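Have a look at the structure below before the remarks.
Computation of the quantities below employed the complete heavy-atom set of this structure, encompassing side-chain atoms and omitting hydrogens, waters and symmetry-equivalent molecules. All values reported here derive from a predicted model rather than from experimental measurement.
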Amino acid sequence: QVQLVESGGGLVPPGGSLRLSCVASGIIFRLYAMSWYRQAPGKQRELVARITARGSTTYADSVKGRFSISRDNTKNTVYLQMNVLTPEDTAVYYCNVNIAGQGDYWGQGIQVTVSS
């Protein structure tokens, strides 16, 4: 079965950086676009960044220039490098893959807290 396991979250002061990782199993990783979403308390889940199978990337306007999504197909891993973090980036971050005919698969979520 498809499994997505996130790591790398935690507490970081404003202006700091974190790198999230998501290891995928149960899929032919290199064939699929991968995404990062986040959900802050009281808000809807939102798309943060997406990387296609070919490596093309898209970002939410709120993170452009600060976040970078990348993938390593040899490790079945997608990364989210987050720089210049602000308290507004505080959220639970989720790794996602959408498989045609099956729907969305989600990781368990990982907390990122930006606070001094």
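- Taking each heavy atom of Val112 and Gly9 in turn, the nearest pair found is CG2-CA, 4.2 Å.
- Heavy-atom minimum distance, Cys95 versus Met34: SG-CE, 3.8 Å.
- There is a path of hydrophobic side-chain contacts, each under 4.5 Å, that joins Leu20 to Phe29.
- Within a 6.0 Å radius of CD in Gln44, no more than 12 heavy atoms belonging to other residues, nucleotides or ligands are found.
- Ser116 and Pro14 make their closest contact through N-CD, 3.7 Å (heavy atoms, listed as atom of the first residue, atom of the second, distance).
- Among all heavy-atom pairs drawn from Val63 and Val48, the shortest one is CG2-O, 3.7 Å.
- Residues that satisfy the side chain to side chain donor-acceptor pair (under 3.5 Å) test with Thr113, not counting sequence neighbours, are Gln111.
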How far apart are the C-alpha atoms of Val78 and Ile69, what are their side-chain angles, what is the distance that settles it, and do they pass the side-chain contact (heavy atoms from CB on, under 4.5 Å) test? CA-CA 7 Å; Val78 60; Ile69 188 171; 3.9 Å; yes
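- Cluster annotation: Tyr93 is not connected to Val23 through the hydrophobic network of ILVMFWY side chains, with a link wherever side-chain heavy atoms come within less than 4.5 Å.
- Leu85 and Leu11 fall into different hydrophobic clusters, where Ile, Leu, Val, Met, Phe, Trp and Tyr residues are linked whenever their side-chain heavy atoms come under 4.5 Å apart, directly or through other members.
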Between Ile99 and Tyr105, does the side-chain contact (heavy atoms from CB on, under 4.5 Å) criterion hold? Intermediate values first, please. CA-CA 8 Å; Ile99 298 176; Tyr105 291 89; 3.8 Å; yes
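- Follow the hydrophobic side-chain contacts under 4.5 Å out from Leu4 and you reach Leu31 in the same cluster.
- Contact record, Tyr59 with Ser68: OH-CA, 3.4 Å, taken as the closest heavy-atom pair.
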Stepwise, does the side-chain contact (heavy atoms from CB on, under 4.5 Å) test hold for Met82 with Arg19? CA-CA 6 Å; Met82 305 185 293; Arg19 188 176 80 156; over 6 Å; no
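- In the hydrophobic clustering, Trp106 connects to Tyr37, Leu47, Val92, Tyr94, either directly or through intervening members, whenever side-chain heavy atoms lie under 4.5 Å apart.
- Within the structure, the disulfide bond (SG atoms under 2.5 Å apart) test picks out no pair touching residues 48-91 (sequence neighbours left out).
- With no hydrogens or angles considered, a side-chain donor-acceptor pair links Asn83 and Ser17 at under 3.5 Å.
- Panel note: side chain Arg66, backbone Val84; a donor-acceptor pair is recorded below 3.5 Å.
- With sequence neighbours left out, the salt bridge (charged side-chain N to carboxylate O under 4.0 Å, His left out) criterion links Glu88 to no other residue.
- With sequence neighbours left out, Asn73 forms a side chain to side chain donor-acceptor pair (under 3.5 Å) with Arg71.
- Atom CG in Asn98 sits 4.5 Å away from atom CG in Asp104 (nearest 0.5 Å).
- Atom CG of Asn76 is separated from atom CD of Gln3 by 12.5 Å, given to the nearest 0.5 angstrom.
- A pairwise comparison of heavy atoms in Thr52 and Ala33 identifies CA-CB, 3.8 Å as the closest pair.
- For residues 37-47, the set of pairs meeting the salt bridge (Lys or Arg N to Asp or Glu O under 4.0 Å) definition, not counting sequence neighbours, comprises Arg38-Glu46, Arg38-Asp89.
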Verdict with reasoning, Leu80 to Phe67, per side-chain contact (heavy atoms from CB on, under 4.5 Å): CA-CA 7 Å; Leu80 186 67; Phe67 289 15; 4.2 Å; yes
